[in-house]
Amino acid sequence: MSTRKASLTDKQTKNGTSKYVLERCASINEYYDIAFKVMLLGDSAVGKTCVLVRFKDGAFLGGNFIATVGIDFRNKVVDVDNFKVKLQIWDTAGQERFRSVTHAYYRDAQGNLCFLYSTSSCSLCGKAWLTEIHEYAQKDVVIMLLGNKSDMAAERVVKTEEGEKLAKEYGVPFMETSAKTGVNVDLAFHAIAKELKHRATQQPNEPKFQIHDYIESQKHKTGCCGLM
Ligand SMILES: Nc1nc2c(ncn2[C@@H]2O[C@H](COP(=O)(O)OP(=O)(O)OP(=O)(O)O)[C@@H](O)[C@H]2O)c(=O)[nH]1
C-alpha cells in the first residue's frame, strides 16, 4: 500500500482572490489518497481484459480475441467515502505458459479478482485459481469470485448456484458480471476498493466493513447493472 497527495498550490485568480488549485498533470487519475494493487486471475478468454476495459473506459472490446502476453496494468481512481482510492489493476495472462510470470506478482497485491467462465464447462477452474491464490498471495488478500459473460444466457454452462457454492466454500463474495453489458463490473471494483480502504483506515472502535452485505445492498439498489 502506498499513499500520496497531489500538492496544493495557492494561486491568484484574475480578480485577485486566492484559491487553492490542485497541481496535477493531464489526467485526473494523478490525484489520490491511497493506492492498492489488484490482480485479475483466471483462465484464458474468461474476459479479464474486457472487464478491465469496461471498468476503465466504459467500453466493450468485442471482435477478435487477442490473448494477453505476460502481464499488463491500468490505473483507475474511485471515490470511497470521500477518499480517492487508486486501484492499480494487473491484468494477467490466463495461458498456462505465462504462469511463472504471474506468480511473481501475487505477493504485492492486496486484492485478487478471480474469474469463472459462465459459458465454459470448466466450473472447477475457479477452484484451481482460488487454491493458487491461497498458495501464492498475501495471507489477508481480499478475494472476490466473478462469473463473467452473464449476458450469454444461451451458452451458459456454469449455473449461478455453482458459483455461489464455490464462493461459500472459500468464504469469498461472488457476483456475475458482463463486460459486454457492464452488469456488476463497477460494483465488483468498488466493493474491492471499499474493503481495502476500510482495512487500511479502520479505527479500533469502528465496525468491520461487511463486503457481502455491501454487494447485496448495491445489487438491489441498482437493479441489473451495478453502480452507475
Ligand atoms: N459476450 C461476452 N463476451 C465477452 C465478455 N467478456 C469477454 N468477452 C469476449 O471473450 C473473449 C476473451 O476476452 P478477454 O478479455 O480477452 O479474455 P482474457 O481473460 O483477458 O484472456 P487472456 O488474455 O488470454 O488471459 C473476447 O473475444 C471478448 O470479446 C462478456 O462479458 N460477454
Side-chain angles (χ1 to χ4, degrees), residues 37-76 87-106 109 111-133 136-137 143-160 162-164 166-167 172-192 215 218-219 222-228:
K37 290 189 181 118
V38 174
M39 277 175 94
L40 307 186
L41 299 162
D43 284 8
S44 183
V46 290
K48 299 180 293 297
T49 303
C50 288
V51 165
L52 179 52
V53 170
R54 165 64 68 185
F55 174 58
K56 169 80 181 157
D57 304 325
F60 175 58
L61 276 185
N64 289 344
F65 163 46
I66 302 167
T68 304
V69 174
I71 197 153
D72 194 7
F73 81 94
R74 298 208 181 193
N75 296 327
K76 181 154 174 169
L87 296 178
Q88 186 177 91
I89 305 158
W90 292 89
D91 177 19
T92 65
Q95 289 177 13
E96 181 75 40
R97 66 196 167 108
F98 297 114
R99 216 47 61 83
S100 57
V101 179
T102 313
H103 288 164
Y105 288 83
Y106 274 94
N112 288 150
L113 286 178
C114 180
F115 282 68
L116 263 181
Y117 197 5
S118 62
T119 58
S120 150
S121 56
C122 186
S123 55
L124 287 176
C125 297
K127 197 168 190 150
W129 284 101
L130 287 168
T131 308
E132 183 157 314
I133 290 171
Y136 292 99
I143 303 168
M144 186 182 289
L145 186 63
L146 299 179
N148 192 41
K149 306 199 183 182
S150 62
D151 58 285
M152 296 175 73
E155 292 89 343
R156 176 188 273 274
V157 176
V158 179
K159 293 191 194 118
T160 306
E162 289 178 72
E164 283 170 348
L166 182 61
V172 300
F174 170 74
M175 76 177 93
E176 294 195 324
T177 56
S178 166
K180 188 170 185 180
T181 65
V183 167
N184 285 338
V185 171
D186 279 5
L187 178 56
F189 286 101
H190 276 265
I192 282 272
I215 289 169
Q218 294 303 314
K219 269 191 202 162
T222 55
C224 72
C225 305
L227 291 183
M228 293 292 156

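Treat the numbers as computed from the prediction; the structure is a model and nothing was measured. Quick note: residue numbers are just sequence positions, from 1. Note that ligands are numbered from 1 as they come in the structure, with each ligand's atoms numbered from 1 the same way.
- At least one side-chain heavy atom of M175 sits less than 4.5 Å from a side-chain heavy atom of L187.
- The contact shell of ligand 1, taken as protein residues with any non-hydrogen atom closer than 4.0 angstrom, comprises D43, S44, A45, V46, G47, K48, T49, C50, F60, L61, G62, G63, F65, A67, T68, T92, A93, G94, N148, K149, D151, M152, S178, A179, K180.
- Between N148 and T177, the side chains place a donor N or O and an acceptor N or O closer than 3.5 Å (distance only, hydrogens not considered).
- Using a 4.5 Å heavy-atom cutoff, the side chains of F115 and D43 are not in contact.
- Geometrically, K76 engages F55 in a cation-pi contact defined by less than 6.0 Å to the ring centre and at most 45° from the axis.
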Identify every side-chain donor-acceptor pair in residues 60-69 under 3.5 Å, counting partners at least two apart or on other chains, and give the distances.
from	atom 1	to	atom 2	distance (Å)
T68	OG1	T49	OG1	3.0

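- Within the 4.5 Å cutoff, side-chain heavy atoms of L113 are placed close to those of F189.
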